[in-house]
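FYI, side chains are in, hydrogens and waters are out, and symmetry mates aren't considered; it's all heavy atoms of this structure. For ligands, and for the atoms within them, numbers begin at 1 and follow the listed sequence.
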Amino acid sequence: MAKGFYITTPIYYVNDRPHLGHASTTIWADVQARYRRQRGEKVFFLTGLDEHGLKVQQAAQKRGLSPLAHCDEMAAHFQSLWKALNIQSDDFIRTTEPRHQKAVQAILQKLHDAGQLYRKPYRGWYSQSAEQFVTEKEMVDGKWPSHFGEVVEIEEENWFFRMSAHQDWLRERLRADPRWIRPENRRNHLLALLDQPIEDLCISRPARRLAWGIPLPFDPAYVTYVWFDALVNYISAPGHGEARFEEWWPADCHLIAKDILVPHGIYWPTMLHAAGLEQPRRILAHGWWLMGRDKMSKTLGNVVNPHDYLARFGADAFRYFICRELLLANDTDFTEERFLARFNADLANDLGNLVNRAISMVHRYRGGAVPAAKDGGTPSDEDLARVTTEVRGEYHRDFMPEIEYGRALEAVWRLVARANRYVDENAPWKLAKDPAASARLDGVLARLVETAALLGSLLEPFMPETAAKIAAQLNLSGFPCSDERWRNPVAAGHALGRPVPLFPRVAADRKTAS
Ligand code: ME8
């Protein structure tokens, strides 16, 4: 069976409702899934929820609910946000599902049988909000970083995975494949960690302390530690142990943020290696949204609720902003001013006006029928053609497959800016007054319509509703993929639909509630 393109997001904790951070990684994955589907690839896009662990148990208790009732409620919040954001995932895994529990227990048993697990007493520092033991090396200026929340010292007997036995293999694997963990600064961070001896991984919690977890099949006095449970979702969802697993595994991309780089870049590869499974092809960890100097996080309570922005600007503007502004290698400050500036400048002015002008002028000067481009060859035509070819090439070759969305959109906006300048240089309103310039006006209008169609196609993965509006205004049923095969998608004589503004401007003084 031919392998399809398999992309994942983290499975999010359900101790609270989703915020901008969760929405961001999910949107990034959705954009890649849509891009691959547009190119005719077979895609499996997985997202879901991490429902076990102490925090969930405590959150449910506080609300007087059973853990599962709490999870069901949170799952509904996540799913309704994904719907509002037009997320088209192929599966939504919840770690409380039997299919997942079965896979976790199968892997645990396999590792136990292979002598990869053992039991010993353990004392260490534990972060309740990150649900992991932390070491003093992770302190900054003698303090635990704020996203660890409260850190307490605990001692108990637990099960361990012989992670250290795979350290040399992992270091070599990282060195041999520079594109495996991206971007470069994350790879370097992992390589630096692997220069020191790594410890074995604690993979259990005593069931008396934590009831809400998957029991170890060989020692029911313990449940599986959350990371060992959570990471397995990436193989349980595509059907580990079933024939269809071959169709998807290994994953082509695990998309995460840098907070969970260590579990994904060290725990997960060594777990897979110990279990004799193939490695994911790429792990990509983007930066954080910050609020001022702090990470936006549930623990700090400084989160942006996506619904506030959706209600005001729509899903596409939100998707655009996240793909344009959130960076791969660095962190980004989130501000409403920046959102508004992007909305008004990029969407309402640059893109909205271009498409609107192109379609309106075909109606005004040619009765709505796309003219044939019989002329061309002026410096202005040649430059527009050059920028078009350049942008299309960069987009498909350099940026989209690498999930460099900021740069892909920057390239697309170079084309938007060039096309707007093309309108000003050629001033169709002047050509329309000169009967001798009729062929020239035909050519200018045809090229503008062609550019609008190309933009619809390039923007479709990012802004599916806007692409559909552009298609409707161009009276097209959809866009072909805009790669090398792209040639005049709108034939001469084709009747356009009515122009409708894509993004009405929003005034700066109406504050978004949070
Ligand atoms: O860590 N900026 O779940 P989680 C950007 N259940 N992205 C952010 C962000 C921010 N400020 N805050 C959160 C877990 N995210 C585990 C994962 S996977 C097998 C188990 C996004 O709810 C980003 O994708 O804390 C980050 O990695 C993830 O949410 C953490 O989600």
Side-chain angles (χ1 to χ4, degrees), residues 7-30 46-56 59 71 74-75 77-78 81-82 87 92-96 100 103-104 107 127-132 145-149 186 213 224-237 251 253-269 271-272 280 283-306 321-323 325-334 403 405:
I7 187 163
T8 66
T9 71
I11 48 169
Y12 305 109
Y13 289 133
V14 290
N15 50 322
D16 213 336
R17 296 178 187 210
H19 63 69
L20 175 72
H22 307 115
S24 300
T25 317
T26 311
I27 288 170
W28 273 35
D30 186 61
L46 173 69
T47 188
L49 299 177
D50 189 352
E51 300 192 334
H52 290 127
L54 197 61
K55 270 193 300 180
V56 175
C71 292
M74 286 298 155
H77 287 304
F78 276 87
L81 178 60
W82 298 161
I87 302 297
F92 184 83
I93 189 148
R94 299 178 54 186
T95 52
T96 45
H100 176 71
V104 170
I107 293 286
S127 153
Q128 296 208 349
S129 61
E131 307 223 29
Q132 71 191 76
S146 55
H147 66 271
F148 282 153
R186 316 276 183 238
T224 321
Y225 162 64
V226 285
W227 276 107
F228 212 94
D229 172 345
L231 289 161
V232 172
N233 92 88
Y234 299 135
I235 57 173
S236 63
C253 182
H254 289 319
L255 206 54
I256 57 171
K258 66 176 189 181
D259 48 338
I260 52 177
L261 178 67
V262 168
H264 284 78
I266 296 184
Y267 307 173
W268 184 226
M271 281 163 68
L272 289 167
I283 298 168
L284 196 139
H286 61 68
W288 281 339
W289 286 115
L290 303 179
M291 288 294 257
R293 285 177 53 217
D294 290 322
K295 180 195 176 205
M296 180 182 298
S297 80
K298 288 178 279 203
T299 312
L300 297 177
N302 57 355
V303 298
V304 167
N305 178 353
F321 181 78
I322 280 167
C323 293
E325 291 275 326
L326 181 66
L327 300 174
L328 259 181
N330 296 306
D331 297 338
T332 314
D333 213 11
F334 182 90
I403 317 200
Y405 296 151

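- The closest donor-acceptor contact from the side chain of Asp294 to the backbone of Met291 lies at 3.5 Å or more, if one exists at all.
- Checked by atom type, the side-chain pair Thr26/Trp82 shows no donor-acceptor distance below 3.5 Å.
- Within 4.0 Å of ligand 1, protein heavy atoms belong to Pro10, Ile11, Tyr12, Tyr13, His19, Gly21, His22, Thr25, Asp50, Trp227, Ala230, Leu231, Asn233, Tyr234, Ala257, Asp259, Ile260, His264, His286, Gly287, Trp288, Trp289, Lys295, Met296, Lys298, listed by chain and number.
- A centroid separation of less than 6.0 Å is found between the aromatic rings of Tyr234 and His264.
- Partners of Arg94 by salt bridge (charged side-chain N to carboxylate O under 4.0 Å, His left out), not counting sequence neighbours, listed by chain and number: Glu51, Asp72.
- Residues forming a salt bridge (charged side-chain N to carboxylate O under 4.0 Å, His left out) with Asp50 (at least two apart in sequence, or on another chain): none.
- Under the rule for a salt bridge (charged side-chain N to carboxylate O under 4.0 Å, His left out), Asp16 has no partner lying at least two apart in sequence or in another chain.
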